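From a predicted model like this one, the values you see are computed outputs, not experimental measurements.
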Amino acid sequence: MGVSFLTTKLSFSHALLRDFRGLPPLDLSSVFINLTFFILFLFVASARRIIRCLGRIRLIKEDSGANSIRVRHANDVEIRDVEIGTRFKTSLFCCFYVLVLQLVVLGYDGIRIMREATADDEKSVNWALLCFPAAQVLAWFVLSFSAFHCKFKLSEKFPLLLRVWWISSFVICVCTLYVDGRGFLVEGSKHLNSHVFANLAATPALAFLCFVGARVVSGIQVYRNSDLQEPLLLEEEAGCLKVTPYSEAGLFSLATLSWLNPLLSIGAKRPLELRDIPLLAPKDRAKTNYKILNSNWEKLKAEKPSKQPSLAWSILKSFWKEAACNAVFAGLDTLVSYVGPYMIRYFVEYLGGNETFPHEGYILAGVFFAAKLVETITTRQWYLGVDILGMHVRSALTAMVYRKGLRLSSSARQSHTSGEIVNYMAVDVQRVGDYSWYLHDIWMLPMQIVLALAILYINVGIASLATLIATIVSIIVTVPLAKLQEDYQDKLMAAKDERMRKTSECLRNMRILKLQAWEDRYRLKLEEMRSVEFKWLRKALYSQAFITFIFWGSPIFVSVVTFGTSILLGDQLTAGGVLSALATFRILQEPLRNFPDLISMLAQTKVSLDRISGFLQEEELQPDATIILPQGMSSTAIEIKDGEFSWDPSSPRPTLAGIQMKVEKGMRVAVCGTVGSGKSSFLSCILGEIPKISGEVRRCGSVAYVSQSAWIQSGNIEENILFGSPMDKAKYKNVIQACSLKKDLELFSHGDQTIIGDRGINLSGGQKQRVQLARALYQDADIYLLDDPFSAVDAHTGSELFKEYIMTALAMKTVVYVTHQVEFLPAADIIVVLREGRIMQAGKYAELLQAGTDFRTLVSAHHEAIESLDIPSHSSEDSDESNPTNGQAVSKKKCSAIGNDIDSLAKEVMEGASASDQKAIKEKKKAKRSRKKQLVQEEERERGRVSMKIYLSYMAAAYKGLLIPLIILSQALFQILQIASNWWMAWANPQTPGDNPRTSAMVLLLIYMALAFGSSWFVFIRAVLVATFGLAAAQKFFTKMLTRVFRAPMSFFDSTPAGRILNRVSIDQSVVDLDIPFRLGGFAATTIQLLGIVGVMTKVTWQVLLLVVPMAVACLWMQKYYMASSRELVRIVSIRKSPVIHFFGESIAGAATIRGFGQEKRFMKRNLYLLDCFARPFFCSLAAIEWLCLRMELLSTFVFAFCMVLLVSFPHGSIDPSMAGLAVTYGLNLNARLSRWILSFCKLENKIISIERIHQYCQIPGEAPPVIEDSRPPPSWPENGAIDLIDLKVRYKENLPLVLHSVTCYFPGGKKIGIVGRTGSGKSTLIQALFRMIEPAEGKIIIDNIDITSIGLHDLRSRLSIIPQDPTLFEGTIRGNLDPLEEHSDQEIWQALDKSQLGSVVRQKEQKLDTPVLENGDNWSVGQRQLVALGRALLKQAKILVLDEATASVDTATDNLIQKIIRIEFKECTVCTIAHRLPTIRDSDLVLFLSDGRVAEFDSPTRLLEDKSSMFYQLVSEYSSR
């Protein structure tokens, strides 16, 4: 009985299944869609419930119940009022209306079928007819109550699932209306039934719901309490304090990447800011990863000191767990990707009528669906995993390279320019991080080939051996091509490095290039370097085009060999076997295509690892160079015993030799000597900077160091002074006072909150030096090492500084100061005189004077200079000759008295501090509000969508866009021919074993080969066209940007850190060179491929369109939703990259100062913080891509499953099995292609941001034209050199105050003009106005009757000559530095060198005029660099010469000599001299005294000195009495 019951049940279910298949296709699709949405609804609802429960359990465990009560209470208070709008009410009515309608239909159909069943027992009843109304009732029941639930949740938006369901229902309704309409026209009233009437009645309601679904908003308006708005805003401001939800996400959240939803939701509402992006989890932060990698690297070095340590092994040991976890996903993904190709054969045979077990079709469809679902989820986890792994490796390596940069020894530093070190971080580290993408390919490629061969063996038998041979041949052929490509890439990188090094140097020294009118020459040099780079770029791109052809051709070649072998062996191919093989080849195409990339990437990564490893093993500063004792351990502050030091240890002649010195605590030591005698090296040996050959250096206590060339950090003045120390108002005020900075800060509109430009560009030389001094003083160190700090300031400020700083503030400290100012020597306890690296004399001032020799020479030179000023003598000379001991005693008493005054002042300040704190806070807020008026602004970024204008400008950049249609046509023809070749193989072969083929074997093979190889040729044409287009566009953008940058006014460089510009000419330009053309080509290719797949599937089952259209709408909506956030994330990433590069370069440049203050740890922390600031948006950007791809692939997986169910549901014989198999073959690729299409578009838009950024720099407003053809001065101009300033007013920027106020004066031709004034009085600004570095706001400058604003800038600047305040040397040779335009003979260059006192120094060098000059001229002293600048002026022989503090860095004797040379060589010229050393302008015909940007005095020096009340007289008196 049981058996008969079971048999009855089986026959009933079989009949039901048969009836189900008989349903109309639209009814079937509707049932399937509604059931799918219902399952999805149940899944989402249950997942939410589970997560909520888990969250509640975690909350109970972690916290007391009070918290949850507080949260609920907060929510209750937050909502003030709720308004239920008409839209919500109407939506709800429509849902319930449709539900009632479907219930009526279900009831009517149910009663009708039951009547039929009871009326006629013998007639079989079609119970399947109830499936459609039953599914509708179930769907609308869920939809109605989900919409109703929104009222209780106070949802201002309807849930996404609800909206997609509504839109899908309306689409099916419209399609059904169309089919019913056609049926009515053909059959008349016979076609009418309950379903037709119900569909017609539901149409208006569904149309409204579709409209609401598209508009998102529910119609529920929630009004929140206004009192809570302020805290919410504050919370938003502090948004970056939240840690990413990724760190604590549950399994479901991780699998679906829904932890990213809150961020994307914010991005959809408004442009994202950095504060919106959550912090990284501790395990993802740079510090964590750096510690792990560094400890493994150090262990490896310690284990085998003699052996070369492997950086790759260290990385593997550090991150193997992440890599292993990732390998699981990669392996699983590979396995399930082969399920589809393996099953196609069985599917085609089933469709051909070969059913081996019941419901085989549905089970096959289910297997296909499950495999694609697992593949989708594992692929996304794998890709996100490798991205995170790459991010960890990059952060850790960058931190290691940075730390090494701070510790490099001088000899190692000379072999690596700062540009190269930045390149290790920007290029090599990036490349090593990118290798994570190829990490698993090494073991996955063999696995993929084995799986493919196994499937092929099942389908084509022994011919699979031919597949193996063809695959090996394909791989072998690509290896030499990859090697060639790698070689081109290496050459390209080397050329790029050279260009970047030169670009960096040009940007650093743009002021000197413009002053000397050399910018065009250096721009052409860069263009020449770019042409070398472009040559390799062209080879790389065209070889890439050929490799693309090989890649696309290799699967075709493999398939032709396989099928050809099978046919020749006489094997019987079937449509199922062919389609299975084709699907396998398509999967095999990816690893084959990636193999050359893998080889190339392996080689490139090895090169980068070797470069980084080599750098990390470079020699560090000797840890034992200086023995540092804690404070209080000894009464001796500094002690050097038998010291011998050399910057170049291989040189036979040491830099310093026989150094023997002992400095007691509290002593002042002055170091003097001629240019190049080793003064700065002497301080370096105390710091431990210079390699020690022998001897011992001891130091007791902390050190503060002030370098000769000021190193100022980007940031505000306060940050530079505090230098990482906490703010102490009283101490800070004293420091400002002691460094004479109070007046300067008052002049700045933002005071100490003024943002300093790149390398302190908006501060004068004196101000930079005093900020350095303030930084040192604020550190309150025990020992102060000052390298000629007074040379950059005027006489008055210098005297004041010496008195307030060294004599008062540092009265109780140990001070070693290098100076050329003889007047500061008597105050020293010991004076050390150096010559050629040896201490020639050491002792007190009076003792050394009596001894004669070197010291006597220096002092007598100074006295000669003072006497030449011709002013009445003062009692200072008498005091010099008095008992020095008594003098010291008096000075010490004075010091202690002043010290007491300062202490009492500090107390007053401390007492008043609390009252002034509120005022300070208000000032800070005001400063923040007015930040936009600062010189240096935050880096600009576009917001919202990338403008269409950017796309069009790129497309039109090459051949006016004519290649674009040809590229599209080539790709379209490739796709058509490829589909045709696959269709031909599926159609021409027999459907099932035993059937006859439709054509002969030879015809089959020949036509297939013709179609297949024809398609690959079109790929080659497309690749060549894309490369040609990309090359032309990249070159055009580069040339335009470079020209605009070099033509930019100096204000642009003052307000733009070099890192920003370098970012565009390196990273963004690389993207335009190598990425964008292929991204554009790839997007076109993927679009056409996707259209091809949909076309094939639609041809077989047109019903797929019912899902494809809503899917396309959903995809576009999701893409738009994603892009709103992604675009801003990519922009933030680009902007956050600049500070990392800038800080890196800045730290390397100031490494000696950072080490001098012992601040390496703080800078290391800052670097780690900046790396995390970059990694935060970068991580979210990576996750957002995977978030989108996952959703796209899930959608396409459902479409594919729908297609499969449809194919299975059709009666046998109603569809061609080979065509159905072809549709499935292409459908297997649908999810990958769809996600790749969206991804390629998103990546293209993200990469196009590089064009947007370059485009910004192509729009920089330029300075005045270099040449005005209609207004060119005569060749001999200026003949007299007369300069007339008429009511001159100058400001640095429109929103900044005037610097020069109505300056009116006349400099006669051929005269010597001295320009003097206190620091910051406008002397250098006047010179800048003369060279039109700053255009006058009002007034005129007339030179020899020509208004300088009426002629071109090149004509003006090339006729003037200048020796600037900051001596600048370019990397290259001495010859190249003196004569970059190559206008002079060697003889003339030697004469210039001899006159500038450098001839003998250069003759001693082996290479003479070709003696190398390192980056920034680091292998020449500052004084020698200044003499090279003098040599340039001597060569140029212009009629007007400007000396801007030209001899500040040389000793008095050399200064006197230089002045003598200038008097002789430039006797016919107008010489304008700015000098703080007043003897420098002693023989001037006229003196211009500037005060606060106004002319205070202008007369001959004799007359001004006769007037005892004149400011010039007071200045000279101060100078001579120092």
Where [X] and [Y] come nearest, the two heavy atoms and their spacing:
X	Y	value
Trp140	Cys95	CE3-O, 4.0 Å
Asn326	Gly385	ND2-CA, 3.1 Å
Ala268	Ser1125	N-OG, 4.1 Å
Leu92	Ser144	CD1-O, 3.9 Å
Ala396	Leu293	CB-CD2, 3.6 Å
Leu264	Ala1184	CD2-CB, 4.3 Å

TODO: Could you tell me whether the side chains of Ser395 and Asn289 share a donor-acceptor contact shorter than 3.5 Å?
DONE: no
Return the [atom1] to [atom2] distance between [X] and [Y], rounded to the nearest 0.5 Å.
X	Y	atom1	atom2	value
Tyr1122	Leu1129	OH	CG	8.5 Å
Phe211	Ser91	CZ	OG	9.5 Å
Lys372	Thr1197	NZ	OG1	6.5 Å

Please tell me if the side chains of [X] and [Y] come closer than 4.5 Å, counting only heavy atoms from C-beta onward.
X	Y	value
Val243	Pro278	no
Leu206	Trp166	no
Met1118	Leu1195	yes

Would you say [X]'s side chain and [Y]'s backbone share a donor-acceptor pair under 3.5 angstrom?
X	Y	answer
Ser146	Val142	yes
Arg1191	Thr256	yes
Ser436	Gly433	yes
Glu322	Ile388	no
Ser1196	Met1192	yes
Arg163	Val212	no
Ser265	Asn261	no
Thr288	Asp284	no

Open item on the list: Arg285 vs Leu1171, test: side chain to side chain contact (heavy atoms under 4.5 Å, CB included). Steps then yes/no.
Closed with: CA-CA 8 Å; Arg285 288 177 196 166; Leu1171 284 172; over 6 Å; no
Counting only heavy atoms not in [X], do more than 12 fall under 6.0 Å of its [atom1]?
X	atom1	value
Trp320	CH2	no
Leu316	CG	yes
Lys283	NZ	yes
Phe369	CZ	yes

Open item on the list: Using the rule given for side chain to side chain contact (heavy atoms under 4.5 Å, CB included), can you reason through Leu451 versus Tyr342, listing the C-alpha separation, both sets of side-chain angles and the distance that settles it, and then say yes or no?
Closed with: CA-CA 10 Å; Leu451 285 170; Tyr342 175 72; over 6 Å; no
Task: Lys287 and Asp1172 ion-paired at < 4.0 Å - done: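 Between Asp1172 and Lys287 there is no salt bridge, as every charged N stays at least 4.0 Å from the carboxylate O atoms.
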Open item on the list: Taking Glu1193 first and then Arg380, would you say they form a salt bridge - that is, a charged N and a carboxylate O separated by under 4.0 Å?
Closed with: yes
Task: Ring centres under 6.0 angstrom apart (Phe96, Phe141) - done: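 Not close enough - the centres of the two rings lie 6.0 Å or further apart.
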- [ ] Answer yes if the ring centres of Trp259 and Phe1179 are under 6.0 angstrom apart, and no otherwise.
- [x]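 Yes, ring centres under 6.0 Å apart.
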Task: Working for side chain to side chain contact (heavy atoms under 4.5 Å, CB included), residues Leu143 and Leu209 - done: CA-CA 11 Å; Leu143 284 168; Leu209 290 172; over 6 Å; no
TODO: For the residue pair Trp1117 and Tyr1121, categorise the inter-ring angle as parallel (less than 30°), tilted (30 to 60°) or perpendicular (more than 60°).
DONE: parallel
- [ ] For the pair Trp437 and Tyr383, name the ring-plane relationship: parallel under 30°, tilted 30 to 60°, perpendicular over 60°.
- [x]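 Rings of Trp437 and Tyr383: tilted, as their planes differ by 30° to 60°.
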- [ ] Output, in order, the C-alpha distance, side-chain angles, deciding distance and verdict of side chain to side chain contact (heavy atoms under 4.5 Å, CB included) for Leu272 and Asp276.
- [x] CA-CA 6 Å; Leu272 286 174; Asp276 298 318; 3.9 Å; yes
